[in-house]
Protein chains: 2
Amino acid sequence: MAEEDVPHRPGRWRSGAESKQRILRTARELFGRHGYRGTTVRAIATAAEVDPAMVFYFFGTKQGLFAAAIEMSGAVPPAIESIFTGGLDGMGDRIVRTLLENLDKSDRTPLVMLTRSAPTDEQSEALLREFIDREITGRLAAMLDAPDAALRAGMVNVQILGLAVARYIVRIEPIASASVDELAGSFGPLVQRCLTGRTALPG
Amino acid sequence: MAEEDVPHRPGRWRSGAESKQRILRTARELFGRHGYRGTTVRAIATAAEVDPAMVFYFFGTKQGLFAAAIEMSGAVPPAIESIFTGGLDGMGDRIVRTLLENLDKSDRTPLVMLTRSAPTDEQSEALLREFIDREITGRLAAMLDAPDAALRAGMVNVQILGLAVARYIVRIEPIASASVDELAGSFGPLVQRCLTGRTALPG
DNA sequence: GTCTATAATTAGATAGAC
DNA sequence: GTCTATCTAATTATAGAC
């Protein structure tokens, strides 16, 4: 699994695989742009230049296609790794940069697809929650090893979600048009503060 | 407009108004929970115990109903006012508290409805963007009166959106279950830093 | 593998009786 | 104002020919 770009090997493949990949690629794009409910199977089929029936032939159901689409085919995980290797020093900056660079590159990343779909689709909501718990909260909390580790990780999650929504979904200025460097400059220290700065533990 | 709770005055009203209010109330609840695309007119009608046709009789179209539903009937605006009276001192805390207190009270606030709907509905996306520009960015930027005012306002918007999404939509722990006081303790200073703290202006 | 045809369901919306 | 009945269009999904 996870062959990005299988470019029409001349010796001729069993030829169906190419269609399947085109469908997947298109699905990721449209789910990323309009979310699960805002995307129809027909729209995907049309954009991928195949018959709608073919989509069901390959993926069974719309949910099946969505599941296949978010199966992060190399998109995020390696990038996420690089965040955690290197310790807490400068991690705020790395988190912001990695997030933005990957999301800028393509709006078909699992995080965007899930963030777009979660608000109107309960399945996606659960998937996104699990995704964040597993990929971010879990690792962060383990790494921080402090009594308020969970809260700190939660604060980082708020930054990530807020940044993703403001820049890619609602497109609020100047967040939407700022360069990665600019945002790293302003949000890097902010995230770092969530990780290692002072925290008010009231009471 | 904007009578919350018109509780069945006995002398008998012209009786249609009551239904209209029930529809509106129900619409706000469902749009707030499932977003524009995740909510059907029929579902609203059923929950409001009226006929679907009646919804169209009163509001014309689904969009018309949505528009009427988000017309913030006293929900947020007065609360927003109180944020800005009092100056920059402690404003971070006031922003977080006001946001959470209002959103905790009911998930039928315009902000929640729009935030849920924007990802799958372009109309809602535009409305949310305008709403934020008008109610938050505009006032904040005017108040800050600094060269990087726009960026600072944007950073606050990221906090607001991130908090709203994490707590009310994706429901990430421990953000979702934390008390208002706890979150004010951790996010208040963070927001304050966005407003009045040091900012890296690179280059 | 790919397409045609179509079933089954559901959504938004309208006409018109009462 | 309220409801019945209905229309139209779109959606997910399947059966079956090629």
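Computed from heavy atoms alone, side chains included, the values below leave out hydrogens, waters and symmetry copies. Letters A, B, ... mirror the listed sequences (proteins, then strands); counts begin at 1.
Defined by atom type and a distance below 3.5 Å, a donor-acceptor pair is present between the side-chain atoms of Q192(A) and T196(A).
Using a 4.0 Å cut-off between charged side-chain N and carboxylate O, R139(A) and E81(A) make a salt bridge. In this structure, E101(B) does not pair ionically with K105(B), as no charged nitrogen and carboxylate oxygen lie closer than 4.0 Å. A salt bridge is absent between E29(A) and R25(A); no separation between the charged side-chain nitrogens and carboxylate oxygens falls under 4.0 Å.
At whole-Å resolution of the value, CD in Q63(B) and C1' in dA11(C) are 15 Å apart. Nucleotide dG1(C) holds its P atom 9 Å from the NZ atom of K20(A), rounded to whole Å. The CD1-C1' distance, from I44(A) to dT12(D), rounds to 12 Å in whole Å. Rounded to whole angstrom, the span from the CZ atom of F56(A) across to the C1' atom of dA7(C) amounts to 13 Å. In this structure, I23(B) places its CD1 atom 12 Å from P of dG1(D), rounding to the nearest Å. A straight line from CG of L65(A) to P of dT11(D) spans 15 Å, rounded to a whole angstrom.
More than 12 heavy atoms of other residues, nucleotides or ligands shown are found within 6.0 angstrom of CD on Q63(B).
A cation-pi arrangement is not found for K20(A) relative to Y57(A), the charged atom failing to lie both closer than 6.0 Å to the ring centre and inside a 45° cone about the ring normal.
For the OP1/OP2 pair of dT2(C) and a distance below 4.0 Å, the side-chain nitrogens and oxygens of S19(A) include at least one atom meeting the criterion.
For the helix from dG1(C)-dC18(D) to dC18(C)-dG1(D), the axis fitted to the five pairs at one end and the axis fitted to the five pairs at the other end meet at an angle of 0° (nearest 10 degrees).
Ring geometry for Y36(B) against F31(B) counts as parallel: the plane angle stays under 30°, on a 0 to 90° scale with 60° as the upper cut.
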I'd like a list of close polar pairs between nucleotides 3-6 of chain C and the protein, N/O only, cut-off under 3.5 Å.
unit_1, atom_1, unit_2, atom_2, d
dC3(C), OP2, D51(A), N, 3.4

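Under a 3.5 Å cut-off, the side chain of S177(A) and the backbone N or O of P174(A) do not form any donor-acceptor pair.
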